[in-house]
Amino acid sequence: MDINLKPVTATAAGIDTSGEEQYRILIDSITDYAIFLLDAEGHIITWNTGARQIKGYEEQEILGKHFSIFYTQKDIDTNYPAQELTKAIAEGKYEEEGWRVKKDGSVFWANVVITPVYDKDRQLVAFSKITRDLSVRKKAEDDLYRAFEELKESEERFRLLIEGVTDYAIFMLDPAGNVATWNNGARRMNGYEAHEIIGKYFARFYSQELIAEGFPDYELKQAKAHGRFEDNGWRYRKDGSAFWANTVITSIYNSKKELIGFSKITRDLTDKLKMEQQLFLTNEELRESEEKSRLMIDSVKDYAILMLNPEGIVMSWNEGAERIKGYKPKEIIGRHFSTFYNRESIANGFPQYELKKAQEMGRFEDEGWRIRKDGTAFWANVVITPIYNSKKRLLGFSKVTRDLTERRRNEELMHKNSELIKINNELDNFVYAASHDLKAPITNLEGLLQALREDLGDNLAQHEVLLNYMGSALGTLKNVIADLSDVTRLNHELESPEDVQIRDMMEDIKISLQPYIEHTGAVVECTDMEFNTLRYARKNLRSILFNLVSNAIKYADPDRSPVVSISTAITKEGVYELSVQDNGLGLAPSQIGKIFSLFKRAHDHVEGTGIGLYLVKRILDNAGDSIAVESEVGVGSRFIVSFHQKKD
């Protein structure tokens, strides 16, 4: 409908104003509401205090103005004010909320009620308009709405966040400990689907021992008492496999401080535990290795192993250093290593030269004289090595010193021995040549002596004693040359070993010694034979047995018949021992160390060359074997020959 917008007054509009003063006072006293009248066309015809405070216009500024002045330009462009009046007439009342404009151009959120006013003839005479500023409420509602939306969005995000977490099992328990929610991390970690676990008591993640001990209940009680409970321990999946878990249980209360449940966050720390265990083991191995290295270095006695700082100051000292150089750790640590050098080396700057060359070459090695604490010198091999950290910064030097004084002395002895060997070889060559060259003259002398016997004829008897002496001397000389031939032949001949039957060889030797055995009434026998076969050069073994047995008979006690016993045994170390024991004259302790020397004899009254035992000793030495003797004067002797047999 069309609205007449011509200005009118309340009286002209037919409004009864007989109680105007009371009406004005009542309306003006209201400050929270803008209460005013519009004429039938929408012009403002009254104005109260509340309208002035809410909209900002004084009465003289606004009376007669159209009420559309309070609307936004958008509402004016759409003829919204006129539509409100039309709706008020049509519906008897119009109410809405929307943005309105104050005098200063600012907007406020208004609740508007427009009611048409009729006269007694039911003719429209005006509109009452009541406006309330709801900006504060609007803001509160907007804030509440935004908060609600943000909360809803936050809850959604939080739900999605928890659902999306796969490295942690995050779920809720009700106050009794039953599972109330279940995220993807819990499903992945524990193996249960949501429908399999929700509503079940959370103790199923624990071992039977912990359940029997009431540990799950204890966790809830601790969380309730202290607000949270944290624990590391073994937990169990649906398939029964165990994993090392960190668990945090937190009690949750509502605004009334009522327990509504527990949050439970579990993290699988199995890999971390393995890593920690591996790290621990590695650290222990490293510490043990370092300790072993330290103990090893400290226990080394043949080498002086020490550390120097970059300036050459002694920083560590091992037992070998103390033994070789003579200083206690407290006496040398902190002193310069030039202490070990003689004055000439120090004056020439040789210690500093060693450190410099070690840095340039990565290592320095030298042999020379060094000085002990007591001032004595020793011949040392020295190796100095620079030590750097990972950033190539010089930390110091390791210094390893070995006392080679004995080696140097041995080298000198070896040099002397080589000279002696040369002399011995020349002597052997001489003996070898002499023993062969003397055989022909001896044969000639024997022939001449025989010719002399024949030429003497009847005069032989008066020269018989002298001729016998000459024959005996030639015989002795012949035996000596024969023995010397055996010694030199031993140096030039190599005999192959073979399996020799000892009893058979002894029978052969007894046949060779038969005249001696019959003359002395000797008894030669094999007793206690633990082994009967020996792998050895046959000729050499025969020489050994022949000389030992013949000596046992030769050096018999004149007051008793000789008894010679041959026995064999194998020691626990696997050494084969052959013993030749007699009841002869025996040896004095002073003689035992001499009897194996060339031309040495224990008893001069017995005929012999002093070569037999020397020959035995040489045979055994050449084969890496040995001989020892036990003897007592007047009781007899026992010769023990040790053979080191090679196992096939």
Side-chain angles (χ1 to χ4, degrees), residues 3-17 19-118 124-148:
I3 298 176
N4 182 11
L5 296 179
K6 277 175 47 175
V8 295
T9 64
T11 304
I15 299 173
D16 183 7
T17 60
E20 180 179 349
E21 185 62 22
Q22 292 86 350
Y23 169 78
R24 187 186 63 77
I25 292 171
L26 173 63
I27 297 300
D28 280 346
S29 67
I30 297 173
T31 57
D32 291 335
Y33 291 85
I35 303 173
F36 53 95
L37 286 174
L38 306 177
D39 65 13
E41 285 78 27
H43 295 95
I44 300 166
I45 56 177
T46 65
W47 196 247
N48 78 326
T49 302
R52 179 174 57 80
Q53 289 183 356
I54 292 174
K55 298 182 184 277
Y57 293 95
E58 295 296 333
E59 185 176 10
Q60 63 272 17
E61 294 177 310
I62 198 64
L63 289 179
K65 300 288 180 67
H66 196 270
F67 83 108
S68 60
I69 196 173
F70 308 132
Y71 288 75
T72 63
Q73 189 59 48
K74 179 182 177 183
D75 287 343
I76 294 170
D77 291 343
T78 58
N79 200 27
Y80 192 71
Q83 294 175 22
E84 285 186 322
L85 298 181
T86 302
K87 288 180 180 179
I89 294 170
E91 298 173 5
K93 177 186 177 185
Y94 176 77
E95 183 175 0
E96 71 141 4
E97 289 186 5
W99 293 108
R100 296 296 182 266
V101 182
K102 294 180 179 179
K103 176 184 176 182
D104 61 6
S106 62
V107 296
F108 66 99
W109 187 260
N111 174 267
V112 176
V113 179
I114 300 176
T115 305
V117 180
Y118 297 93
L124 178 68
V125 293
F127 296 93
S128 69
K129 189 169 185 290
I130 302 173
T131 302
R132 186 179 183 187
D133 185 354
L134 297 181
S135 298
V136 174
R137 194 201 73 182
K138 172 67 173 173
K139 183 177 183 303
E141 289 176 348
D142 288 347
D143 289 345
L144 184 61
Y145 177 78
R146 281 196 298 273
F148 175 75

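Sequential numbering from 1 along the given sequence is applied to the chain's residues. Values in this document were obtained by computation on a predicted structure and should not be read as measured data.
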Student: What are the two closest heavy atoms between Ile35 and Asn48, and how far apart are they?
Tutor: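 Result for this residue pair: N-OD1, 3.0 Å.
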Student: Residues two or more places apart in sequence or in another chain: which of them pass salt bridge (Lys or Arg N to Asp or Glu O under 4.0 Å) with Lys103?
Tutor: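 Counting only residues at least two positions away or on another chain, Lys103 forms a salt bridge (Lys or Arg N to Asp or Glu O under 4.0 Å) with Glu61.
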Student: Sequence neighbours excluded, which residues qualify as side chain to side chain donor-acceptor pair (under 3.5 Å) partners of Ser128?
Tutor: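 Residues passing side chain to side chain donor-acceptor pair (under 3.5 Å) with Ser128: none at all.
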Student: Which residues satisfy the side-chain contact (heavy atoms from CB on, under 4.5 Å) test with Ile62, sequence neighbours excluded?
Tutor: Ile44, Trp47, Tyr57, Lys65, Ile69, Phe70
Student: Who passes side chain to side chain donor-acceptor pair (under 3.5 Å) against Glu95, sequence neighbours left out?
Tutor: Asn111
Student: Ile114 and Leu85: which non-hydrogen atoms are nearest, and at how many Å?
Tutor: CG2-CD2, 4.0 Å
Student: Please name the pair of heavy atoms, one in Ile76 and one in Ser68, separated by the smallest distance, quoted to 0.1 Å.
Tutor: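 Heavy atoms of Ile76 and Ser68 come nearest at CD1-O, 3.6 Å.
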Student: Test your reading of the model: is there a side-chain donor-acceptor pair from Ser135 to the backbone of Phe108, 3.5 Å cut-off?
Tutor: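 Flag not set: sc Ser135 to bb Phe108 has no pair under 3.5 Å.
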Student: Taking atom NZ as the centre, does Lys93 end up with more than 12 heavy-atom neighbours from other residues, nucleotides or ligands that are less than 6.0 angstrom away?
Tutor: no
Student: Minimum heavy-atom separation for Pro81 to Phe67, with atom names?
Tutor: O-CZ, 3.3 Å
Student: Determine which pairs satisfy side chain to side chain donor-acceptor pair (under 3.5 Å) with at least one residue from residues 73-85, sequence neighbours left out, and list them in order.
Tutor: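 Side chain to side chain donor-acceptor pair (under 3.5 Å) check on residues 73-85 returns Tyr71-Glu84, Thr72-Asp75, Gln73-Asp77, Tyr80-Tyr94, Tyr80-Glu96, Glu84-Arg100.
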Student: Nearest 0.5 Å, please: how far is NE2 in His66 from CG in Leu38?
Tutor: 8.0 Å
Student: If I take atom CD1 from residue Ile89 and atom OG1 from residue Thr115, how far apart are they, to the nearest 0.5 angstrom?
Tutor: 11.5 Å
